[in-house]
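Here is the structure we will look at, set down as structure tokens.
Residues: numbered from 1 along the sequence shown.
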Amino acid sequence: MALIKPFECVRPNPEVAGRVAALPYDVYNREEACAEVKAEPLSFLRIDRAETQFDASVDTYAPEVYKKAHDMLWEAVDNGTFITDTDKAYYVYELTMNGRTQTGIVACASIDDYQNNVIKKHENTRADKEQDRINHVDICGAQTGPIFLAYRANSVINDNVNKAKKEACVYSFTSPDGIRHQVWKISDKEMVSAIEKAFAEINAIYIADGHHRAASAVKVGLKRRQEHPDYTGSEEFNYFLSVLFPDEELMIMPYNRVLKDLNGLSEDGFMTQVKEKFNVEEKTSPVSPSKKGTFGMYLGKKWYELTAKEEILSTDPVDGLDVAILQNNLLEPVLGIQDPKTDKRIDFVGGIRGLEELERRCDTDCVLAFSMYATSISELFDVADANKLMPPKSTWFEPKLRSGLFIHKI
């Protein structure tokens, strides 16, 4: 019941694809974005974050910034940096990181499916973050950053993806962070039809990453519908750019926690309260939890393994998440972290940065760290199926999809 359709893609000339492809716009602050664009002038980040083309006196969200993004995008099309495919196609996008490969279908998803919850969410979005991308998409007339979607694996889709991968690549390059990116085009009408029909039989698609980009694309689509009351539903603004991955290929990394203080407690006093809800065992090496319900804790230059006691476990899809167990039984009642989204006393460290980063933070600006067992993709599905929301910073996906490889003109 999901409408996942092929599209006419605007994409980089193969000669420069590796230089154009950029990490998502929101992984950089302004200073970092400027440095990145200076180092690689063709980086799509210059279009995603067009404030890089102005001095610091110009506000990141100024109207002229979005106008500059529009102008640079379509100048790049005019000068051949980007080409426009004239046939409706799917694309296979494969990313390989540290020997592990995940392969998705690049396509366009329906804003109606988003509205009707065929495409399911697990995060709230913030209006200010939405507005930036609403402006960017609307003024550029294009969606430039794909939404990372997931679905339960389907044999028909798998078979067609594998068939496509036997043909010549459209792109094959390794980005500066060591991740290999390969792309194949699927334009054969029988294959396109088979994939479209297979998705139509899938009753739920899940946003894995990119809730703000998805919400923004949908709101631009709804705005365009208001501006074109005679719309038929076939216009490109009724769809948003996505890469869809089968659940069996996805890996979620942990999202670790670091704390600035012990909420006025001594280390001994804090440890006493920890032991009320968790079994505690001191370890001689850093702790990377090996199973659900266990946590690493770094305090006073020592590592501990915490195991949640039976009475604090839950079968609820949200309360049973490890991030929720830690929040509900330790971070909030003991350390006073009421809202981890806004409390400046807590910070979050993506699992890709390793346990050494937790030790480093505790040697500099923090006193306590927790290493987490990663949320599973099935847990994410369960939360979304229950129409509930995950706690903040529950998932960290790697590798990150690149922006600028696929552009959907609306």
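- The aromatic rings of Tyr93 and His181 sit parallel to each other, their planes meeting at less than 30°, with 60° as the upper class boundary.
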Dump the intermediate steps for side chain to side chain donor-acceptor pair (under 3.5 Å) on Gln131 and Asp128, then the final yes or no. CA-CA 5 Å; Gln131 192 59 53; Asp128 59 335; over 6 Å; no
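- Thr101 and Thr96 share a side-chain donor-acceptor pair at under 3.5 Å.
- A donor-acceptor pair is defined here as one N or O able to donate and one able to accept, closer than 3.5 Å; no such pair exists between the side chain of Ser193 and the backbone of Lys189.
- The closest donor-acceptor contact from the side chain of Arg224 to the backbone of Asp138 lies under 3.5 Å.
- Scanning for side chain to side chain donor-acceptor pair (under 3.5 Å) contacts around Glu75 gives an empty result, with sequence neighbours left out.
- Residues Lys260 and Lys344 have side chains not in contact (no heavy-atom distance under 4.5 Å, counting atoms from C-beta outward).
- Checked for salt-bridge contact, Glu281 and Lys283 meet the test: a charged N lies under 4.0 Å from a carboxylate O.
- Looking at every heavy atom in both residues, Met72 comes nearest to Ile47 through CB-CG1, 3.9 Å.
- The two atoms that bring Ile147 and Asp209 nearest to each other are CG2-O, 3.9 Å, heavy atoms only.
- Trp303 and Glu359 share a side-chain donor-acceptor pair at under 3.5 Å.
- Contact of the Arg11 side chain with the Leu405 side chain is not registered, since no non-hydrogen atoms from C-beta on lie closer than 4.5 Å.
- Taken to the nearest 0.5 Å, the CG atom of Asp382 stands 7.5 Å off from the OG atom of Ser376.
- Glu130 and Thr125 form a side-chain donor-acceptor contact under 3.5 Å, judged by distance and modelled atom types alone.
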Sequence neighbours left out, cut at 3.5 Å: what donor-acceptor pairs do the side chains of residues 387-395 make with other protein atoms?
unit_1	atom_1	unit_2	atom_2	d
Asn387	OD1	Asn117	ND2	2.8
Lys388	NZ	Asp316	OD1	2.7
Ser394	OG	Pro391	O	2.6

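- Side chains of Lys165 and Gln182 form no contact here, defined as non-hydrogen atoms less than 4.5 Å apart.
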Residues Phe370, Phe295; criterion ring-ring contact (aromatic ring centres under 6.0 Å, His included); working and verdict: CA-CA 7 Å; Phe370 293 98; Phe295 309 81; 7.5 Å; no
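- Summarising the geometry, atom OG1 belonging to Thr103 is positioned 10.0 Å from atom CG belonging to Leu250; distances are rounded to the nearest 0.5 Å.
- Asp85 and Tyr91 are linked by a side-chain donor-acceptor pair at a separation below 3.5 angstrom, with hydrogens and angles left out of the test.
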His136 vs Tyr25, test: ring-ring contact (aromatic ring centres under 6.0 Å, His included). Steps then yes/no. CA-CA 11 Å; His136 195 277; Tyr25 72 95; 7.7 Å; no
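- If you take CD on Glu32 and OG1 on Thr52, they are separated by 13.5 Å, rounding to the nearest 0.5 Å.
- Nearest approach of Asn256 to Gly351, heavy atoms of both residues: ND2-CA, 4.1 Å.
- With hydrogens and angles ignored, the 3.5 Å screen pairs a side-chain donor or acceptor of Asp55 with a backbone N or O of Ser57.
- Note on ring orientation: taking the six-membered ring where Trp is involved, the planes of Phe381 and Tyr206 are parallel (angle under 30°, cut-offs 30° and 60°).
- Side-chain atoms of Asp343 do not come within 3.5 Å of backbone N or O of Asp339 as any donor-acceptor pair.
- Here Lys223 contributes atom NZ and His228 contributes atom NE2; the two are 9.5 Å apart, rounded to the nearest 0.5 Å.
- Using the six-membered ring where Trp is involved, Tyr255 and Trp396 have ring planes that are perpendicular, over 60° apart on the 30 and 60° scheme.
- Contact detail for Arg46 and Val37: the closest heavy-atom pair is N-CG2, 3.6 Å.
- Between Asn238 and Arg225, the side chains place a donor N or O and an acceptor N or O closer than 3.5 Å (distance only, hydrogens not considered).
- Atoms CE and CG, from Met372 and Asp322 in turn, are 5.5 Å apart once rounded to the nearest 0.5 Å.
- In this structure, Lys121 is positioned above the aromatic face of Tyr114, its NZ or CZ under 6.0 Å from the six-membered ring centre and within 45° of the axis.
- Taking the ring centroids of Tyr239 and Phe7, they lie at or beyond the 6.0 Å cut-off.
- Annotation: the span from Ile337 atom CD1 to Leu331 atom CG amounts to 6.5 Å, rounded to 0.5 Å.
- Under the 4.5 Å side-chain criterion, counting only non-hydrogen atoms from C-beta, Ile202 is not in contact with Ile4.
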